[in-house]
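Worksheet: the structure to be examined is printed underneath.
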Amino acid sequence: MSFPLLTATAALPAIGAIVTAAVPAAQRTAAKWLALLFSLGTLVLAGIVFVRFEPGGDRYQLTESHAWIADFGVRYELGVDGIGVALLALTALLIPFVILAGWHDADPSPSSQLRSSRGGPNETKPYRWRPTQGFFALILMVEAMVILSFEATDVFLFYILFEAMLIPMYFLIGGFGDRAHAGTDENAAAQRSYAAVKFLLYNLAGGLIMLAAVIGLYVVAGSFSLSEIAEARANGSLEMASSTERWLFLGFFFAFAVKAPLWPLHTWLPNAMGEATTPVAVLITAVVDKVGTFAMLRFCLQLFPEASKWATPVVLVLALISIIYGALLAVGQRDIKRLIAYASISHFGFIVLGIFAMTSQGQSGATLYMVNHGLSTAALMLVAGFLITRRGSRLIADYGGVQKVAPVLAGTFLVGGLATLSLPGLAPFVSEFLVLVGAFSAYPVVGVIATLGIVLAALYVLVLYQRTMTGPVGEKIGGMPDLRVRELAVALPLIAVLIFLGVFPKPLTEVVNPAVQHTMQDVQKKDPQPEVEAAK
């Protein structure tokens, strides 16, 4: 029996979460280092998966299959295609930076330590509550569930993971809020609670509708296995009425659109990102939300190809609205974190546009966009978090002239912003270009309208930089320190990866493109051929 590499890649952070949570309350630094070491170990395993994956080989590789709930046909089935491998690598790469960036975010405040040492209503000994251990344990648990969701090829197993990851995310949002919140502690706690509950309710609603569709799929197909359902479709033994397929598609797509998030199901994201700590905000939009767009490719298009084509016009309209609406709201934001949140809604619109353009360029671009958006948003948001921590405010108006006192911080912030607006030479440009080419070749009008998102992106990024980094030095900015060693260890590697993939995207494209061709075969679509007028 071969080594279960995929299981090990997901199990290591889960084990790390348990070990980190069990560290004694006073040993906060040890808990941090343990979490970082487990995340680096997971990165090593993810790198092995990436290297062992053969782009020209079988569609799903490194597969594992074991009986789980035999009476209901549920199996523990894992396998990765090129899309799953790319997103698995992204997740494993980002988590160590998330942990480093949040190194002090869950340290108890002096007032809470004093109350604990004196013995509050629920305290019997000093430091009984272990927020630091809990914070990093929850991050590792989210990593484990996200990685396993990228590997799952059993629909029911995927659904369990899709829902289970909401639990640690709920506690990360509601229990560890942004310390730069304007207002009283009570008001900040109320806002965090509201954001966490809204996040949970929106995603639970989508998950419950998906559960009905999962049950319906089993009734129709008699299996939860992607490979078995695909084989049944290929040999003609699975017949699904058009109306049935459409209803099942809508059940799956609704849940994924909430997670993505796609307009008009997006409203939970700005609240969640605004109230969460900066590393958790990165975890939401750069890691967890990618499960939604990934699932559109893996499940919607593969399980319901005819329904996917039937829904394409409406989905493209929703994607366009997300692109323009998110960008317009980003332009008008006064809060740095909410600006980045609305920018992400616009970017997710591009991803969905590329998926449902039903062209190889569009779907390759969408997959690359998931990876590159994760990298660029992580770079911009984490550096913004360092900035916010120094000033103690998320409001753009409270800044100005930062580049004069902290030039390295301003420079890394600028590169992250330029990556967000897809400047040529940085990784997001490649993906956005492919999405637009793919969309324009199939739907020219849609492609033209989508380009407005690029113009608006340049507007909100450059205005943000101008108002925070240039001009006269603002109040309380004069003594602001530049990036420290730990913060440089977060920002510089992300910028290096953005530049590398911007000038040499081949390591990703050669892995992703074969998987995209399989998806194109699932929906029985071919790329439109350019019309060339014959020479006279």
Side-chain angles (χ1 to χ4, degrees), residues 178 180 260-263 266-267 269-274 278 281-282 284-286 289 319-353 369 372-388 391 393-403 409-429 431-433 435-436 448-471 474 494-495 498:
D178 187 356
L262 186 67
W263 184 92
H266 67 285
T267 59
L269 182 66
N271 295 103
M273 289 184 64
T278 300
V282 171
I284 294 169
T285 190
D289 287 355
L320 283 177
I321 295 175
S322 291
I323 292 170
I324 306 302
Y325 172 84
L328 284 173
L329 288 184
V331 171
Q333 287 302 306
R334 297 180 296 172
D335 183 306
I336 296 174
K337 291 174 70 176
R338 290 179 71 89
L339 184 152
I340 299 173
Y342 280 110
S344 291
I345 292 170
S346 180
H347 294 314
F348 276 106
F350 276 108
I351 295 172
V352 176
L353 175 64
Y369 215 128
N372 295 332
H373 170 263
L375 295 169
S376 61
T377 299
L380 180 60
M381 179 64 89
L382 292 177
V383 176
F386 300 149
L387 177 69
I388 291 168
R391 176 62 176 82
S393 173
R394 305 193 317 237
L395 298 179
I396 298 173
D398 288 339
Y399 294 88
V402 174
Q403 67 180 12
L409 189 155
T412 53
F413 188 84
L414 177 61
V415 176
L418 294 177
T420 298
L421 63 82
S422 300
L423 184 77
L426 296 173
F429 170 76
S431 46
E432 194 165 278
F433 178 78
V435 166
L436 291 173
V448 170
I449 297 174
T451 56
L452 294 176
I454 302 175
V455 178
L456 293 172
L459 180 61
Y460 62 69
V461 167
L462 295 179
V463 168
L464 172 64
Y465 184 83
Q466 179 189 31
R467 292 178 178 175
T468 56
M469 302 295 165
T470 65
L494 288 172
I495 290 173
L498 285 169

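For the numbers below, each heavy atom of this structure counts, side chains included, while hydrogens, waters and symmetry mates do not.
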- Residue pairs meeting side-chain hydrogen bond (donor to acceptor under 3.5 Å, both in side chains), one or both in residues 457-466, sequence neighbours left out, come to Q403-Y465

Report all side-chain donor-acceptor pairs from residues 372-386 shorter than 3.5 Å, counting only partners two or more places apart or in another chain.
{"from": "N372", "atom 1": "ND2", "to": "L368", "atom 2": "O", "distance (Å)": "3.2"}
{"from": "N372", "atom 1": "ND2", "to": "A427", "atom 2": "O", "distance (Å)": "3.0"}
{"from": "N372", "atom 1": "ND2", "to": "S431", "atom 2": "OG", "distance (Å)": "3.3"}
{"from": "H373", "atom 1": "ND1", "to": "K290", "atom 2": "NZ", "distance (Å)": "2.9"}
{"from": "H373", "atom 1": "NE2", "to": "S344", "atom 2": "OG", "distance (Å)": "3.3"}
{"from": "H373", "atom 1": "NE2", "to": "T377", "atom 2": "OG1", "distance (Å)": "3.0"}
{"from": "S376", "atom 1": "OG", "to": "N372", "atom 2": "O", "distance (Å)": "3.0"}
{"from": "S376", "atom 1": "OG", "to": "H373", "atom 2": "O", "distance (Å)": "3.3"}
{"from": "T377", "atom 1": "OG1", "to": "H373", "atom 2": "O", "distance (Å)": "2.9"}

- Item | Exam field: side chain T285 to backbone A281, donor-acceptor pair closer than 3.5 Å | no

- Calculate, to the nearest 0.5 Å, the distance between atoms CG and CD1 belonging to L464 and I340 respectively. 7.0 Å

Using residues 326-333 as the side-chain source, report each donor-acceptor pair under 3.5 Å to any protein atom, sequence neighbours left out, with the distance given to one decimal.
{"from": "Q333", "atom 1": "NE2", "to": "L329", "atom 2": "O", "distance (Å)": "3.3"}

- Message: Go through it in stages, so that I can follow the logic: the residues are R467 and I336, the test is side chain to side chain contact (heavy atoms under 4.5 Å, CB included), and I'd like the CA-CA distance, side-chain angles, deciding distance and then a yes or no.
- Response: CA-CA 11 Å; R467 292 178 178 175; I336 296 174; over 6 Å; no

- Query: Roughly how far apart are I321 CD1 and S346 OG, rounded to 0.5 Å?
  - Reply: 12.5 Å

- Query: Closest heavy-atom contact between D289 and A260?
  - Reply: CB-O, 3.4 Å

- Message: For R391, is the CZ atom crowded, meaning more than 12 foreign heavy atoms sit under 6.0 Å from it?
- Response: yes

- Message: For the backbone of G274 and the side chain of R394, can you confirm whether one donor and one acceptor N or O come within less than 3.5 Å of each other?
- Response: yes

- Task: Kindly compute the distance separating CG (L423) from CG (L498), expressed to the nearest 0.5 Å.
- Result: 11.5 Å

- Sub-4.5 Å side-chain heavy-atom contact between L418 and L414: yes

- Starting at NE2 of H347, measure out to CD1 of I323 and round the result to the nearest 0.5 Å. 10.5 Å

- Message: Let me confirm one number: the OG1-OH distance from T470 to Y399, rounded to the nearest 0.5 Å.
- Response: 15.0 Å

- Query: Aromatic rings H266 and Y325: how do their planes relate, parallel, tilted or perpendicular, breaks at 30° and 60°?
  - Reply: perpendicular

- Query: If you look at every heavy atom in G453 and I324, which pair is closest and at what distance?
  - Reply: N-CD1, 3.9 Å

- Identify the two heavy atoms, one from A458 and one from L421, that lie closest to each other, and give their separation to 0.1 Å. CA-CD2, 3.9 Å

- Message: Please give me the minimum heavy-atom distance between S393 and D398, naming the atom from each residue.
- Response: OG-OD2, 2.5 Å

- Of all the heavy-atom pairs spanning P261 and F348, show the shortest one and how long it is. CD-CD1, 3.8 Å

- Task: Enter the distance from I345:CD1 to F350:CZ here, rounded to the nearest 0.5 Å.
- Result: 14.0 Å

